[in-house]
Structure formats: structure tokens, C-alpha cells
Amino acid sequence: MGVFDNSILSLWCHGSQHCLQLVKENLSSVRESASFFLGLISVIVWVVAEIPQIITNYRTKSTEGLSLTFLVTWIIGDVFNLVGCLLEPATLLTQLYMAVVRTLAKDLGLYTIITLALGLQTMYYGHLYPQLKYKRQLKVETFAKTGQGEKGSDAEQSIENSNRNFSPSSPIPLPACPRRISTGSGLFYQSARYLSKSHTPTAGSILAQKMTSTSTTALDSIQESLLGSAIATQSAPAPRMKNTLCLVSTLTFLGVINLLQQLNKNINLMGTNPRQQLVIHVGRKLFQVGDDQLLKTDVSGGSSIGTFLGWAMTFVYLGGRLPQICLNIRRGHVEGLNPLMFMFAVLGNSTYVASILVISLDWPKIKPNLPWLVDAGGCVLLDFFILMQFIYFRSFDRPSPVNLAISTKLSKKYEHKTELVNGDYCQLINCYNHWRGDHRSKRK
Ligand SMILES: NC(=[NH2+])NCCC[C@H](N)C(=O)O
């Protein structure tokens, strides 16, 4: 208890030692309970935090709004966090919390598992799903074109043919649109989102048309060149996906091994010394302990490896937000990202900080928790920034009346040439630039 607290208490108790003692005892148990409940809220919030994003991904059948690097840093950070907690003795649990902890122990690292599920989902929708969808669509279209009597082998053959022309790692087929403009990743990101929702024909149907009909040469050449650039821009994620998958499985494996070892150790400790308090770490330094235990920790000193890992975790967690912020800026919108995940993260991190600070504001007690405090506090700030991006992009990114007017004009001009995706800003820009190009060349 700090000097400030002491002087307030002695004023309140009019200097009576008995009163002082009584108030101190009650206060410390109140603080411990408050810390415990704040910590509990934090864990519960973290367990549900990623569910809204999982639902969004499932609904949109896409994970392009979420930075994969951000997810990977979360998983790496969780491993550092876990090992750091195991090595940092400031996370002892009091006997009082054991009942709750036993239940929570079953969910040990639950949010890490949920993050892993989110990671796997990202890989599925980013890589596997578009391929499956594309193949399925090709099959359906081939059947439709060649009639029901067509043999399955023919359909397979057409798929194979088209795969030769179209990179198998190319996840999202692009719609027909003048090629002149954006061949960069922006187009890839934008189109993926709209294609998953819109009725725009996919490249599958374009290819099917190319293979089976004698379509107009002008449009074909545009499509052909566009698909060429699409392959160039889209085939890049394949090795990255593999590496990420590899990294994630290695980290999970290491995490699980570590966890099992620690649990084993704890159970042994319990067996040999019933008075020994159970040490269970719930992925984060969730449960803080009373003043006396913290003091003991200070005397014995924390593990320097634990502290080092704590700081490593802090940098990884904080650094992980940057790719997400950059991705939002690069895309110019936050579609596909669920703000609830960041709101939960703010809540989870702030209740966590509060659970530590409510125990004591004294430096010797804060010191061992510093990496965890900096991490949670820093993440709150960065998540606020991301939430600001939501507000910014959602309120300032609506098409202006001028854009809408251009859009209408362009859709009329190009309806016979291309199929403009309704509301697809990227398509609009493509066509607009093309239109401008036409005008310029006419003037010359
Ligand atoms: N997989 C998780 N959700 N881990 C929790 C991460 C906590 C960390 N303070 C952050 O906000 O990044």
C-alpha cells in the first residue's frame, strides 16, 4: 500500500491503529476480489472476441479484410505470453481461486485455439475456397453448355484445360473490365469482396465462354489480357500460405508441449506439498495475487527469461497491429473486418490492465507486470486507432453525388461492352480511366 493510501487511511481512522488494520485488511481483500473479477471479464471477453470476425468471414466467404500477419503475430505473441507467464512467478494463484481456475484450466489457451481457428479459416477462404468454387462453377457451366448427356470425363477435361491457362493458385477470378488500369493488388482485394457477393460472372464463366463459343474478339482480347494480369497478381499468396501454415502448426505444437509440461509439474507440486498453491496460467497473467504474494515475488525476483519473453510478446502483439492498420489504409476501406473484434479487444485489454493496477500502484508491484501492462495499454491505443479507421472509412468513403453521376454515365456507355458491377468502386475507376483514355486519344 502506498504512502498516499496510508496517509488517507490514517486521516480517515483518526490515527487509530485498530481501525487502520481493519480497513487495510478489508481493502486488500476488496482489491483482490476486484482484480479477480476484472481478470475474469478480460478472459471471457478474449474468448469471445474473435467470434464476430469468424462469423463475418463465414458470411462473406472471404477473409481479405483481415491481415494474415496480424493473426500470425497474435499466435506467436500467445506462445511468448504463455512461456513468459510460466517462467514469471508473479502469476501464482490463491487457493481461493482454485475452483474457478480448475474450470478455466480446461479452457487453457482457449483464445489461442480460437485465433488458430481464425487463422485456418483465413487460409481456407483465402486459398482453398476460391479454387473449389471455381472448379465447381466450371463443372456446372460445362454441364450446362454441353447438355445433361455430357460425360463427367469431358467436364474434368475442360477443368484441366482451363487450369492450364489459369493458375491453380489464383484464388479470385476477375470480371471483364478494360485492362488499362489497376493491375495492382488493390484490384485483387477489391474484386474478391465484390465477386463473392455480386452477380458478376466469374472468370470461370468467361473461360467457359471462351472455350465453347465464338465470342466477340474485342471483348475476348480484353478478357484474355486481364486474366493474364490476374494470374500475375494473384498467384503470389501460394507460398506465403504454405509458410504460414507451417509456422502456425509448429507454434501450436510447441505451445501444447509446453502447456502439458507445466500442467504435469503443477500436479506434481500439488501432490508433494498440499500447502503449495497451484500455479496455473491462463495464457495471460490473468489472476493477480494479493499484496503479500506480490511482495514475495519481488523478494525472490522474477525470471529474467520470463521478463524477456514478456517484452518479446509485447513487441510482437503491438507490431502485429501495424500490418492491419496498413492493410486498411492500402485498401481504403474496412470491409470484411468486424469492428466488434476490436471493441472486444479494447475491453479485454483495459479490464486486464485494470485487474493489475487495482491491486496496487506501487512500483515494486507493478514492475514484474510491466511488459503485460505496456502490451495491453499499447494495444488499447492501437485498437482505438483501428476503430477510428472504421469511422473514417465508413463516413468519408461514401460515393459522392459526382461519383454517382459518373457511375450512371459510365454504366450506360459501357453496358454493351462490359458488365459493370453495381457499386463496385474499383470497376468504376477502371472504366472511368478507360473512358478518359478514349477521350484523350480522340482529341489527339
Ligand atoms: N490470440 C489472442 N487473442 N491473444 C490475446 C492477445 C492480447 C494482446 N494484448 C493483444 O491485444 O494483441
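All ligand and atom numbering here is 1-based and tracks the order in the structure.
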For T351, all residues meeting side chain to side chain donor-acceptor pair (under 3.5 Å), sequence neighbours excluded: none

E50 side chain to T115 side chain, donor-acceptor N/O pair below 3.5 angstrom: yes

Minimum heavy-atom distance D383-A345, with the two atoms named: OD2-CB, 3.3 Å

Shortest heavy-atom approach to atom 8 (C) of ligand 1 - which of F344, Y352, Y317: Y317

Within-4.5 Å side-chain heavy-atom neighbours: L381 and F385: no

Numbered atoms of ligand 1 (with element) below 4.0 Å of C379, judged on heavy atoms: 9 (N), 10 (C), 11 (O), 12 (O)

Short N or O distance, D375 and ligand 1, threshold 3.5 Å exclusive: yes

Test side-chain contact (heavy atoms from CB on, under 4.5 Å) applied to T73 - qualifying residues, sequence neighbours left out: F70, V316

N349 contact mode with ligand 1 (heavy-atom cut-off under 4.0 Å): side chain

Contact check: D78 vs ligand 1, nitrogen or oxygen atoms, below 3.5 angstrom: yes

Atom indices of ligand 1 within 4.0 angstrom of T115 heavy atoms, with elements: 1 (N), 2 (C), 3 (N)

